[in-house]
J.: 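Just dropping this structure here.
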Amino acid sequence: MTMTNAVTFRGVSRHFGPVRAVDAVDMEIREGEFFAMLGPSGSGKTTSLRLIAGFEQPTAGHIEIFGETAEGVPPYRRNVNTVFQNYALFPHLNVRDNVAFGLRVKGVPKAERMRAADEALALVELAGLGDRRAGMLSGGQRQRVALARALVNKPRVLLLDEPLGALDLKLREQMQEELRKLQRALGITFVFVTHDQDEALSMSDRVAVFAEGRIRQIGTPEEIYRRPATRFVADFVGSSNVIPADFAGAGPADRWASLRPEDIRPDPAGRNATITSRAFLGRVVRLGLHLEGQDLTAILPAADTIPMPGESLSIGWDTARVHVMEPDA
Amino acid sequence: MSAHASTTPAIFAPRAGILARSVDWVIRHPRMFVFLMVLPITLWLGIVYIGALIALLIQSFFSIDEFTGLVVREFTLKTYAELLRPVNLDIIVRTATMAAVVTVAAAIVAFPIAYYAARYAKGRWKALFYIGVMLPLWSSYLVKVYAWKLVLAKEGILTWVFAKLHLGWLLDAALALPVVGGNSLSVSYIGTFLVFLYVWLPFMVIPVQASLERVPGELLEAASDLGATPRQSFWLVLLPLAMPGVVAGSIFTFSLTLGDYIIPQIIGSSRLFIGQAVYAHQGTAGNIPLAAAFTVVPIVIMGVYLWAARKMGAFDAL
Amino acid sequence: MRSETRAPMALKLAAVGGLLFLLLPIALIFLYAFTTEEKSYQFPPPGFTTKWLGVTLGRADVWQAMGLSIKVAAISTALALVMGTLTAAAVARSRFFGREAISLLVILPIALPGIITGISLRSAFSLLDIPFSTWTIVLGHATFCIVIVYNNAVARFRRTSGALIDAAMDLGADGVQTFRLVILPNIATALLAGGMLAFALSFDEVIVTTFTAGQQTTLPIWMLEELVRPRQRPVTNVVAMAVVLVTVLPILAAYYLTRDGEHIAGQDK
């Protein structure tokens, strides 16, 4: 597959009065990839999505979609479709007419668009539900209708705005897998907005971590997880111990370092920590530790020798496993 | 479905036609879009309506030449001074008192109706209450006044009911009261009050019911969970939360009573209300400045009232 | 707010009493339309007749007044539909400078007593030398009809998710298609309800109309003249009944429209 960019942002900003929702963002989304935009609410990820869809116009900067300038192009002239956060199914239309809507406004004859809509419904495993009203469906079914409604138009880029946010945990995990499969099968570029780090890391080819309107890091899930660029990324992606670099024995005092819990091990020659909590998780035990004024989390293989809270444990780590981060902007 | 995905363009060509293009342009300029949407209302209400109001206000600062009867177009406060003459002051006090009494009575009568409809009525009863309030609200104003002319007539149903119940003496006693009484109900302040109350009551019921319906049931459960008796939950939880609705309703009852000139003309004593004074001065007397000055009175009263109501958050209950 | 508990007896009595107070006088109108008594409002009526229905049907002045009222109400409602909907869309869907001022401006004509609207329009007409016509009546009526349409439309716009409009455009619908295929079907019942109520309000309006009609007679003005100087009580009785019937139907229709509308618009947020 050639590595053309599906979407390119160059110095893109979107300001609402004094609020810098998106601030000087540079990013390249490659054709055919599953790209996640991850960040807390208000970090600029949804505004970035709306800039790609065309609901927002940049205050400054340049956006390209497959090499074509997108500024000033309204949403309906972009071959880009969106699965909305709460699905935004048209309440006055049945499921089939919802799915056929995009083809209808493009002037596709009725018989043809009905057939295409039924095909799209079959693709998301909702064959036979075309005559239902959107309001009669369950959350998971609505989600699939929204997906079919977007995919039937064969968009070059599919945007998904927290599409799994309203589903319960089990359905969520199932849909994560299905979305991934669908994306591989169709080869369409998926751009996925989420605030759930596990979801972003498990589903996507690459992740952009947003904070305060800026991208803090773009990389593969492994890169983001193993080598968080800044303290914010490490904190947000979670589960790493964020400690001063000199404390970790790996760098200068003005830097932060990340140390993953599984890299901490018992070491008779190491430093003496107090155990503050202890959770048995099956094959491993998660320990809360207090070491020289720092709180740490460690994950150790389960063993009878692990002491109880209040007792002490001598620990250490390989300084080569410590990742020293850039300062936050 | 994937086969042709990459052959379609990423951005479609603009649509043809002047309409499509101009709509495109407007959508790309959201500020212009909003401007175009509010332009008609701004021209209509902002210029025609407000313009007329301001022109009226300006005329209240003119005066009338007592000899020629013509309007003198010079700034003066003479006309406002005339408002303070006892005969005119009487009119203002009489109208404001009536508006206040009608408002309080409407709140008292409306509350149980709204409360029952919001909290207890279900299904058919709910529909009945809805129709029961909407029907008199939307029925012709004049028909309602006419209906009361039938009710209050000396030979009418009310006299008949009192007579059948052997309570004729009570009616006579009420009519014998000084000031509010009169020859018959249809020429007394009691009659005027009853008609005002009737005609504006739905305007009180609706916002009160709306605000009561917005009170979540859990709040009352929480109150009783915390040990409040039903009476205490009513006074400490429900009533304060329904207050914006009462205030919203009172805007209508108060304002509508202040400005009405037909009800007191048809049912009541011959003593004037503000509306009648305005009508008389602008019409036969041709004294537009005094009529204008009279209309400023309800504007000022309502301005203060609306300002206070806004502070209490009453507009959310409209 | 909803509760399963039974209402206290006193509350029930007060509520039902209030309801009777609201409905009985209107019921009386129907009774009097058939009375044989011509000179007074005697109760109980001495006898019943349907003679006055025919007499009223033959009255040209009643028909003329009715025709003018319908014409004015139709034009005012049409104007109010356009302006009320546009304003509601702007106020509900976007934030802009002067938004608060406009939402206040819209309710001003009903917040201020009608007599003020009436006299200020009349003095403006006389200052500008505008002769009285159907249009001067319309000018006054549309002013307060707007708020009725506006209130209905703004509530529906708020319930209808803005994401629907985004979704339509995202799927390729341009501005015109979005309006026709998505916005209009979602607000249609609210507009119909608002339009019918505005029509009823205009059809019935008398306070502003007395100032803006000049020598023209709308149906309410005809009734007002009869109320002030009763000359033909039996005909007035019948006209009153007809007016009640004409207003009841739109209210019932509006009730069912907005009730169903809530189901449609409330399904998806």
J.: Please state whether the side chain, the backbone, both or neither of C:Leu127 comes within less than 4.5 Å of a heavy atom of chain B.
T.: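 Interface part for C:Leu127: side chain.
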J.: Side chain, backbone, both or neither: which part of C:Ser103 has an atom under 4.5 Å from a heavy atom of chain B?
T.: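 For C:Ser103, no heavy atom lies under 4.5 Å from chain B.
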J.: What part of C:Gln177 gets within 4.5 angstrom of chain B, counting heavy atoms only: side chain, backbone, both, or neither?
T.: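 For C:Gln177, the side chain is the part near chain B, not the backbone.
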J.: I'd like to verify something: which residue of B:Leu142, B:Leu39, B:Ile113 has the highest number of heavy-atom pairs under 4.5 Å with chain C?
T.: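 Counting heavy-atom pairs under 4.5 Å, the top option is B:Leu142.
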J.: Hey, what do you get for NZ (C:Lys12) to CH2 (B:Trp125), rounding to the nearest 0.5 Å?
T.: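 Result: 7.0 Å between the selected atoms.
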J.: Which one of B:Thr159, B:Val109, B:Ile54, B:Leu201 has the most heavy-atom pairs closer than 4.5 Å to chain C?
T.: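 Max contact count across the listed options: B:Leu201.
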J.: Quick one: which of C:Val82, C:Leu13, C:Val91, C:Leu105 has the most heavy-atom pairs under 4.5 Å with chain B, could you say?
T.: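 Looking at each of C:Val82, C:Leu13, C:Val91, C:Leu105 in turn, C:Leu105 comes out on top.
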J.: Under 4.5 Å, counting heavy-atom pairs only, tell me which of B:Ala153, B:Ser255, B:Gly275, B:Pro40 racks up the most with chain C.
T.: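 The residue among B:Ala153, B:Ser255, B:Gly275, B:Pro40 with the greatest pair count is B:Ser255.
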J.: Working to the nearest 0.5 Å, report the span between CG of B:Leu43 and CE of C:Met83.
T.: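 It comes to 9.5 Å.
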J.: Any chance you could measure C:Leu22, atom CG, to B:Ser139, atom OG, to the nearest 0.5 Å?
T.: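 So the CG of C:Leu22 and the OG of B:Ser139 are separated by 10.5 Å.
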J.: Look at C:Leu219, C:Leu128, C:Val244, C:Asp174 and state which one has the largest set of heavy-atom pairs under 4.5 Å with chain B.
T.: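 Most heavy-atom pairs within the cutoff with chain B belong to C:Asp174.
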J.: Could you tell me whether the side chain of C:Leu139 reaches within less than 4.5 Å of the side chain of B:Trp44, counting heavy atoms only?
T.: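 They are in contact (side-chain heavy atoms under 4.5 Å apart), so the answer is yes.
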J.: So how far is it from C:Leu197 CG to B:Met134 CE, rounded to the nearest 0.5 Å?
T.: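 That separation rounds to 6.0 Å.
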J.: Mind checking whether C:Pro220 and B:Tyr141 have side chains closer than 4.5 Å, heavy atoms only?
T.: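 No, side chains not in contact.
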J.: With rounding to the nearest 0.5 angstrom, report the CE to OH distance, C:Met241 to B:Tyr146.
T.: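 It comes to 12.0 Å.
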J.: Quiz question: by atom type and distance under 3.5 Å, do the side chains of B:Tyr261 and C:Thr210 form a donor-acceptor pair?
T.: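 A donor-acceptor contact under 3.5 Å links the two side chains.
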J.: Shorter than 4.5 Å, heavy atoms on both sides: which option in B:Val278, B:Thr257, B:Leu258 has the most such pairs with chain C?
T.: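 Going by pairs under 4.5 Å, I would pick B:Val278.
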J.: So for C:Ile102, is it side chain, backbone, both, or neither that comes closer than 4.5 Å to the heavy atoms of chain B?
T.: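 Just the side chain, heavy atoms under 4.5 Å.
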J.: So for B:Leu135, is it side chain, backbone, both, or neither that comes closer than 4.5 Å to the heavy atoms of chain C?
T.: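 Both parts, backbone and side chain.
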J.: Using the rule given for side-chain contact (heavy atoms from CB on, under 4.5 Å), can you reason through B:Ile274 versus C:Ile115, listing the C-alpha separation, both sets of side-chain angles and the distance that settles it, and then say yes or no?
T.: CA-CA 10 Å; B:Ile274 290 179; C:Ile115 192 169; over 6 Å; no
J.: With a 4.5 angstrom heavy-atom cut-off, is it the side chain or the backbone of B:Ile41 that approaches chain C, or both, or neither?
T.: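 Both parts, backbone and side chain.
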J.: How long is the straight-line distance from CG of C:Leu11 back to OH of B:Tyr116, given to the nearest 0.5 Å?
T.: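 Between B:Tyr116 OH and C:Leu11 CG, I get 7.5 Å after rounding to 0.5 Å.
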J.: With a 4.5 angstrom heavy-atom cut-off, could you sort out which part of B:Glu218 is near chain C: side chain, backbone, both or neither?
T.: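 When you check distances to chain C, no heavy atom of B:Glu218 falls under 4.5 Å.
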J.: Not counting sequence neighbours, which residues clear ring pair (Phe, Tyr, Trp, His ring centres under 6.0 Å) with B:Trp148? List them please.
T.: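 Listed in chain order: B:Tyr198, C:Phe21.
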J.: Examine whether an atom of B:Ile50 lies under 4.5 Å from a heavy atom of chain C, and if so say whether it belongs to the side chain, the backbone or both; otherwise answer neither.
T.: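 For B:Ile50, the contact with chain C is made by the side chain alone.
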J.: Identify which part of B:Ile157 has an atom lying under 4.5 Å from any heavy atom of chain C, answering side chain, backbone, both or neither.
T.: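 Interface part for B:Ile157: both.
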